[in-house]
Amino acid sequence: MSSFDSTKTPLPDLIRNITEGKVQLPDFQRGWVWDDEHVRSLLVSVTRSFPVGAVMLLETGGDVRFQVRPVENLEFTGSIPEPERLILDGQQRLTSLTQVLALDKPVKTFNEKGRRIERFYYIDIEKALEDEQLEEAFIAVEADRTVKTNFGRDIVLDLSSRQKECEQLYFPCKQILNSDEWEESLQEYAPDKFVVYMKFRKKVLNAFRSYQLPVIALGKTTSKEAVCLVFEKVNTGGVPLSVFELVTASFAADGFNLRDDWYGSSIRSITGRQSRIQNEPTLVGVEPTDFLQAISLLHTHEKRRADLALGKTGKAVAAVSAKRVSVLSLTLADYHQWADAVENGFLEAAKFLRKECFFHSRDVSYRTQLVPLAAVLVQLKERWREPKIYKKLCQWFWCGVLGELYGGAVETRIANDLEELLAWIDGQDVQPRTIYEAAFQEGRLDTLRSRNSAAYKALNVLVLREGAKDFFWQASIQELDHEDVALDIHHIFPKAWCEDQGIKPNIYNSIINKTPISYKANRMIGRKAPSLYLDAIQTHKQVSLDDDSMNEILVSHCIDPEPLVSGYKSNKFNWLSV
């Protein structure tokens, strides 16, 4: 059975339904953005009876509910009516036509530079009767109904009264669908021009009044996921809607402002969850979609356990899921049930990360891995600190990172990890697949070059965790970082030196030739070989290190000192052992 109908609707009927509030916009629709040129081009197309594309509407009254709003510039006295249909595709065209044809106030549009302007639209009747001038017949005048030049000092067209409109034969587009008033004024002010007007009425006005718009109407039984997918397919020119935007619009229909709950509001004196979560440096990158995914995991996990307890089997058992369709299926009650616990779960995740020596979000390999971590910590509560459980959490976490398993689409892995990790912690023998699928080959060290890659970040954290000390300051890198000393990951064999030796970039840019050091140490490196710059650091009057002390610092970076200080010039960096 088809979930949509396709038909044609007279343009005047559709415009009337919009102005009466029977057709509105779902709140996830972004704003009206058409500029003046687009508006005039649309009017010309309708005049020529050219197709301007189908519009897509969704019937209201089903299970799918969104917060709604009228089209741009449309106001109602009293409460806004409940809509019968919502615009999914065609917002720009329908908003343009409604403002131009049905509202007795200037159209709020944009000029070619994107600046907001207000314009009334008119048709030069005499030009409109000549096909070759139809494009120029539609004009936009300022809010005072004039056209000015010389930086607004000279008026070249004045349509500020009905009499001036009639005498100059400029027809207001507001009168297109019902021209009775204007025709009476024409009889009064310029009766000699009525014959010309009637030709215009037959050619132009009738084109608008008889224009049929193709309408695709989705039935009220259409699912929320289908609505969202359809919307994004037909709005290919815009930015895809996030799950958060869609859930926000859905919850707003129940009177709950999800945006305020996440971002907060100074106007309404609300502190959002984002500020509380991102107060932790490692959680700065957490997004609202991550938060909703964690809620979806816990909600579907609870449903699955309930189904199993009832003896259900096979497909009758709910699946643990963080996929888009599951997040969109969350009700406001589900959100209220889990939101506070999930917020605390992320804060507990920050504590876990600190124990593993992650102190900044830039060091976290995968933000996506924090979703199942937070959800698992919600279930474990304080138990996650118990040594045996903590050890299993660490094994799972580092396997995900060094196995580079949390890149790309990971919704399935997120769901599997929640269920399998909890079962493993509770005593089942089977390890989570993230553990047994993880693999890190020694050769990967030769190909790790981007500091944004997961394994690159992880190895850097491991070096720091082992207590790597700065070449110059001698304090640990972590201590210097906490004291805001400028630090970065630099080449051990300098880039310039490597190039002088003919060593290829894919070799000297690999992670085995990188280590975290301070700006002070890096300035002393220049393009010197390590045997030279290490000696310069050792003998610096503010350092004064003996060989054993310098070697101890190198070892703290997992560097074998012997080949480094002896001036080793091979293009194989086998002096580094990680």
Side-chain angles (χ1 to χ4, degrees), residues 9-23 36 39-40 42-49 70-78 81 93-109 117-130 133-134 136-147 155-213:
T9 300
L11 176 61
D13 293 351
L14 194 50
I15 298 297
R16 183 171 60 255
N17 287 336
I18 291 173
T19 58
E20 292 175 354
K22 294 178 180 179
V23 174
D36 169 62
V39 173
R40 286 185 284 111
L42 176 63
L43 295 173
V44 172
S45 295
V46 175
T47 303
R48 295 189 184 278
S49 298
V71 301
E72 186 85 14
N73 216 12
L74 183 61
E75 298 175 352
F76 293 93
T77 56
R93 287 164 287 157
L94 292 178
T95 300
S96 300
L97 291 169
T98 300
Q99 287 202 68
V100 172
L101 304 179
L103 303 186
D104 194 18
K105 52 185 173 181
V107 175
K108 294 181 178 180
T109 183
I117 57 176
E118 293 188 350
R119 295 290 185 266
F120 282 106
Y121 287 84
Y122 280 85
I123 309 173
D124 183 331
I125 291 177
E126 293 178 325
K127 283 186 178 180
L129 291 174
E130 300 179 26
Q133 295 197 64
L134 186 58
E136 291 75 36
F138 286 87
I139 67 165
V141 303
E142 296 184 25
D144 62 359
R145 300 181 190 270
T146 64
V147 177
I155 297 176
V156 296
L157 180 63
D158 185 353
L159 303 173
S160 58
S161 69
R162 181 58 54 81
Q163 181 174 350
K164 292 177 180 178
E165 293 173 355
C166 294
E167 290 175 347
Q168 298 175 85
L169 276 185
Y170 276 86
F171 185 84
C173 290
K174 161 63 175 67
Q175 298 282 320
I176 285 177
L177 299 183
N178 187 345
S179 55
D180 292 350
E181 290 183 14
W182 201 85
E183 290 169 7
E184 291 177 3
S185 299
L186 183 63
Q187 286 280 26
E188 178 181 355
Y189 297 122
D192 57 310
K193 297 181 179 180
F194 209 85
V195 173
V196 175
Y197 165 77
M198 289 304 293
K199 294 179 181 178
F200 165 78
R201 172 174 169 166
K202 181 177 180 181
K203 177 181 178 180
V204 177
L205 302 191
N206 286 350
F208 278 87
R209 294 169 184 178
S210 61
Y211 194 84
Q212 301 275 323
L213 267 174

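Quick note: residue numbers are just sequence positions, from 1.
Taking 4.5 Å as the limit, every side-chain heavy atom of Thr146 sits out of range of all side-chain heavy atoms of Val141. Taking 4.5 Å as the limit, every side-chain heavy atom of Leu94 sits out of range of all side-chain heavy atoms of Val71. In this structure, Ile123 and Cys173 have side chains that are in contact, with non-hydrogen atoms separated by less than 4.5 Å. Put simply, the side chain of Leu42 does not reach to within 4.5 Å of the side chain of Val100, judged on heavy atoms. When side chains are defined from C-beta on, Leu97 counts as touching Leu43, because their heavy atoms get closer than 4.5 Å. Residues Phe200 and Leu169 form no side-chain contact, since every pair of their non-hydrogen atoms from C-beta on lies 4.5 Å or further apart. Under the 4.5 Å side-chain criterion, counting only non-hydrogen atoms from C-beta, Lys105 is in contact with Asn73.
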### Query
Step by step, would you call Asp124 with Gln133 a side-chain contact (heavy atoms from CB on, under 4.5 Å)?
CA-CA 10 Å; Asp124 183 331; Gln133 295 197 64; over 6 Å; no
### Task
Could you walk me through whether Lys193 and Glu126 pass the side-chain contact (heavy atoms from CB on, under 4.5 Å) test, one step at a time?
CA-CA 10 Å; Lys193 297 181 179 180; Glu126 293 178 325; over 6 Å; no
### Task
Go through Tyr121 and Asp36 one step at a time and tell me if the side-chain contact (heavy atoms from CB on, under 4.5 Å) criterion holds.
CA-CA 10 Å; Tyr121 287 84; Asp36 169 62; 2.6 Å; yes
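Ring pair Tyr170/Tyr122 is perpendicular by interplanar angle, where above 60° counts as perpendicular and below 30° as parallel. Ring planes of Trp182 and Tyr197: tilted class, angle from 30 to 60°.
A donor-acceptor contact shorter than 3.5 Å is absent between the side chain of Glu20 and the backbone of Pro81. Remark: the backbone N or O of Ala128 is paired with a side-chain donor or acceptor of Lys203 at under 3.5 angstrom. A donor-acceptor pair is defined here as one N or O able to donate and one able to accept, closer than 3.5 Å; such a pair exists between the side chain of Ser185 and the backbone of Glu181. A donor-acceptor pair under 3.5 Å links the side-chain atoms of Thr19 to the main chain of Arg16, judged by distance alone. With Thr47 contributing its side chain and Val204 its backbone, the two residues share no donor-acceptor pair below 3.5 Å.
Remark: Glu167 does not engage Lys164 in a salt bridge, criterion side-chain N to carboxylate O under 4.0 Å. The residues Glu188 and Arg162 are annotated as not salt-bridged, no charged nitrogen and carboxylate oxygen being separated by less than 4.0 angstrom.
More than 12 non-hydrogen atoms from other residues, nucleotides or ligands lie less than 6.0 angstrom from CD of Glu142.
For the atom pair Arg145 CZ and Leu157 CG, the distance stands at 12.0 Å (nearest 0.5 Å). Atom-to-atom distance recorded for Leu186:CG and Ile125:CD1 is 7.0 Å, nearest 0.5 angstrom. Going from atom CZ of Phe120 over to atom CG of Leu103 covers 10.0 Å, rounded to the nearest 0.5 Å. Separating the CD atom in Glu72 from the OG1 atom in Thr98 is a distance of 11.5 Å, to the nearest 0.5 Å. The structure places NZ of Lys127 at 8.0 Å from CD1 of Ile139, a figure rounded to the nearest 0.5 Å. Taken from CG in Leu14 to OG1 in Thr9, the straight-line distance is 6.0 Å, to the nearest 0.5 Å.
Taking all atoms of both residues into account, the shortest heavy-atom contact from Pro106 to Gln99 is O-OE1, 4.3 Å. Contact detail for Pro70 and Leu74: the closest heavy-atom pair is CB-O, 4.0 Å. Of all non-hydrogen atoms in Tyr189 and Cys166, the two that sit nearest each other are CB-CB, 4.1 Å.
Under the side-chain contact (heavy atoms from CB on, under 4.5 Å) rule, Leu213 has a single partner from Asp13, Val46, Ile15, Leu11, which is Leu11.
No hydrogens or angles considered: nothing links the side chains of Arg40 and Thr109 as a donor-acceptor pair under 3.5 Å.
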